Structure formats: C-alpha cells, structure tokens
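To start, the structure itself, in structure tokens.
The structure displayed is predicted, hence computed values, not measured ones.
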Amino acid sequence: MDRTYAGWGSGLLGVVIFSGSLPATRVAIGGFSPLFLTSIRAVIAALLGAGLLLLLRQRRPAAGDLAPLAIVAAGVVIGFPLLTALALQHVTAAHSIVFVGLLPLATAGFAVLRGGERPRPAFWLFSVAGGLSVAGFALAQGGPASLAGDLMMVGAILLCGLGYAEGASLSRRLGGWQVISWALIVALPAMAAVALATLPATFDGVGAPAWWGLAYVSVFSMLVGFVFWYRGLALGGIAGVGQLQLLQPFFGLALAGLLLGEPVAPTMIAVTGLVIACVVGAKRFA
C-alpha cells in the first residue's frame with residue numbers, strides 16, 4: 001500500500017512538472033529559435049543524464065536496445081520538443097495544451113501497433129470521438145497560422161506517444177529514468193551539431209524569462225520529470241498511474257493563464273474536458 005501511494009505521489013509530481021513544459025517553451029522561444037532551443041535543451045539534459053548514469057554506475061544498454069532507444073529519442077527528445085516549439089510560434093500555450101489531452105490515447109494506440117494489444121470495439125468509438133473533438137476545435141479557430149500550429153501539435157503528440165510506448169517497453173529491462181538518460185545520449189551527437197549550427201551570434205537580446213524557460217525545459221521537462229514519472233509507473237502500476245496524464249491539460253491551462261496571462265476561453269476548457277472524457281472511456285475499454 002505504501003508503495004502504491006508513493007507511486008501515485010511520484011507520478012502526480014511528474015505530471016505537474018510536464019504541465020509546465022508548453023508554457024516554458026512558449027516563453028523560451030521569445031529569445032531562442034525553435035531549432036536552437038530543441039537542440040540545446042537536449043544537450044544540457046544529456047550531460048546531466050550522463051552524469052547520473054556514471055555516478056550511479058548504471059549498466060550500458062545491449063546492442064538490441066539501441067534501435068528502440070533511437071525511437072524514444074526521435075519521439076520525446078527531438079520530435080515533441082521541436083514540433084511544439086514550432087507550433088508555439090503560431091498558437092498560444094493554452095491552445096496547444098488542449099492537444100495534450102490526446103497524449104494518453106496516442107500512447108495506447110502505439111501500444112496496440114507495437115505491443116500487439118487488442119482493445120474492444122468501444123475503445124475505437126471513444127478514440128474517434130476524441131479525435132473529432134480536437135479537429136473540430138482546431139478548425140473552429142480558423143486562419144492558416146492556427147492550422148499550421150494545430151497540425152504541428154498533432155504531429156508532436158503522435159511522436160511523443162510513440163516515444164512513451166517504446167520507452168515503457170524498454171523500462172522493463174533498463175529502468176525508467178535510465179531509458180530517458182540513454183535516449184538523450186543517443187541523440188547527443190546530432191543535437192550538439194544542430195546547437196552549434198544554430199548558435200546565435202549574440203545573446204545580448206535574450207531576456208531573463210527566455211533563460212528561465214530554457215532552464216526549465218532542459219532540466220525539468222527533459223530529465224527530472226521523467227525521473228518522477230517513471231518511478232511512479234514502476235511503483236504504482238503503469239495502467240493506474242498513467243491515468244494521471246489526463247490531469248495535465250488542466251494543470252497546463254492554469255499555468256498558461258497564471259504565468260503568461262494568456263486567455264483561457266470557456267470553449268478551451270469545455271473541449272479539454274470532452275477530450276479527457278473520451279480518453280478515459282478509451283482507456284477503460286483498451
């Protein structure tokens with residue numbers, strides 16, 4: 001019982017940390033380009049992860065784990081951070097957080113494709129309902145820029161779901177936080193090269209909020225959040241603790257409104273609630 005409570009507490013803390021990722025990214029792109037932000041946050045987190053692996057003397061992954069680690073890196077180290085940074089040039093953080101409500105469903109979908117799971121038919125009814133809700137909300141906003149941002153957010157969620165599903169499988173062999181640390185190291189050479197290629201000529205015009213945003217997404221979003229999140233999954237159970245992701249849009253909307261002063265329209269809250277209801281139903285019949 002104590003392990004279960006510890007798992008739920010750790011998982012909840014991980015979700016709260018992840019909820020700050022989009023608002024922090026929104027702030028950071030005010031001073032850095034999306035490519036530089038994506039690459040430098042990965043480089044910083046990879047160096048921290050490598051230090052943890054060395055300090056705690058973790059064993060190296062087997063050769064057969066390298067391809068899955070590359071998929072995790074492509075999803076949660078490169079794809080999700082880059083696409084969300086690009087999307088946030090077109091949409092607000094509050095708007096983008098609505099899409100995060102689909103992340104548990106995307107993870108479940110890739111578990112079906114890669115894990116051979118066979119959900120009941122009702123699962124797909126809730127899945128379609130959730131997808132239509134998000135699509136309807138995105139179309140209702142109108143404008144080419146909003147459409148571009150919405151499409152990038154959809155791509156980001158799909159890649160993140162793939163990375164989560166692949167990482168969940170790997171964590172059974174390597175451990176949870178070890179997976180993200182090794183995935184960061186796998187991506188390090190490419191990310192370091194991109195960071196050098198996109199390095200700004202000067203940082204004189206970068207304000208303190210952008211630096212704080214960079215620090216948050218590098219340390220907390222890319223590493224610390226995964227430490228608590230995977231610990232929660234290990235102690236409390238993946239199926240149970242995984243439901244805590246459904247709270248992330250609510251936390252994120254609140255942070256966007258409180259920290260960034262972005263308007264949170266009633267329609268955003270309504271759609272987020274509808275999406276979460278669809279995801280809950282889908283997970284029940286998965």
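Two residues are said to be in side-chain contact when any heavy atoms from C-beta on lie closer than 4.5 Å; Tyr164 and Val72 fail this criterion. Between Met152 and Thr84 the shortest side-chain heavy-atom distance does not fall below 4.5 Å. At a threshold of 4.5 Å between non-hydrogen side-chain atoms, the residues Phe228 and Trp177 do not count as touching. Side-chain contact between Leu162 and Leu158 is absent, with no heavy-atom pair separated by less than 4.5 Å. Within the 4.5 Å cutoff, the side chain of Glu166 has no heavy atoms near those of the Leu69 side chain. Taking 4.5 Å as the limit, some side-chain heavy atom of Ile180 sits within range of a side-chain heavy atom of Leu184.
Note on Val219: it does not cluster hydrophobically with Trp212, by side-chain heavy-atom contacts below 4.5 Å among ILVMFWY residues. In the hydrophobic cluster analysis, where Ile, Leu, Val, Met, Phe, Trp and Tyr join through side-chain heavy atoms closer than 4.5 angstrom, Leu188 is grouped apart from Leu196. Under a hydrophobic-cluster definition in which Ile, Leu, Val, Met, Phe, Trp and Tyr are linked whenever side-chain heavy atoms come within less than 4.5 Å, directly or via other members, Val154 and Leu274 are assigned to different clusters. Using a 4.5 Å cut-off between side-chain heavy atoms of Ile, Leu, Val, Met, Phe, Trp and Tyr, with links allowed through other members, Leu37 and Leu199 fall into the same hydrophobic cluster.
The shortest heavy-atom contact between Val275 and Ser133 is CG2-CB, 4.2 Å. Taking both residues in full, the closest heavy atoms of Ala187 and Ala73 are given as CB-CB, 4.0 Å, listed atom of the first, atom of the second, then distance. Annotation for Pro209 and Val27: closest pair O-CG1, 3.0 Å, computed over non-hydrogen atoms. When all heavy atoms of Leu82 and Pro34 are compared, the closest pair comes out as CD1-O, 4.0 Å. Shown here for Ala87 and Gly149, the closest heavy-atom pair between the two residues is CB-O, 3.5 Å. Between Pro68 and Leu170, the closest heavy-atom pair is CB-CD1, 3.7 Å.
Ring-plane geometry between Phe18 and Trp229 is classed as perpendicular, the angle between the planes exceeding 60 degrees on a 0 to 90 degree scale with a lower cut at 30.
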Using side chain to side chain contact (heavy atoms under 4.5 Å, CB included), reason through Trp182 and Leu53 one step at a time and then give a plain yes or no. CA-CA 8 Å; Trp182 286 117; Leu53 291 169; 3.7 Å; yes
Report the C-alpha separation of Leu223 and Leu52 in whole Å, then their side-chain angles, then the decisive distance to 0.1 Å, and conclude whether the side chain to side chain contact (heavy atoms under 4.5 Å, CB included) test is met. CA-CA 11 Å; Leu223 187 61; Leu52 283 174; 4.2 Å; yes
Go through the steps for Phe99 and Asp150 under the test side chain to side chain contact (heavy atoms under 4.5 Å, CB included), then give the verdict. CA-CA 8 Å; Phe99 291 86; Asp150 291 340; 3.4 Å; yes
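Interatomic distance, Phe80 CZ to Leu103 CG, rounded to the nearest 0.5 Å: 7.0 Å. The structure places CD of Gln178 at 8.0 Å from CG of Leu56, a figure rounded to the nearest 0.5 Å. Going from atom CZ of Arg26 over to atom OG of Ser21 covers 15.5 Å, rounded to the nearest 0.5 Å. In this structure, SG in Cys160 is found 10.5 Å from CZ in Phe110, a value given to the nearest 0.5 Å. In this structure, Leu214 CG and Phe32 CZ are separated by 5.0 Å, a value rounded to the nearest 0.5 Å.
The backbone N or O of Leu35 lies less than 3.5 Å from no partner atom in the side chain of Thr38, so there is not a single donor-acceptor pair. Between the side chain of Tyr216 and the backbone N or O of Thr25 there is no donor-acceptor pair closer than 3.5 Å. Looking only at distances, no side-chain donor or acceptor of Ser10 sits under 3.5 Å from a matching main-chain atom of Ala6. A donor-acceptor contact shorter than 3.5 Å links the side chain of Ser39 to the backbone of Phe36. Judged by distance alone, with hydrogens and angles left aside, the side-chain atoms of Arg41 form no donor-acceptor pair with the main-chain N or O of Val77 at under 3.5 Å.
Through direct or relayed side-chain contacts under 4.5 Å between Ile, Leu, Val, Met, Phe, Trp and Tyr, Val128 connects to Leu132.
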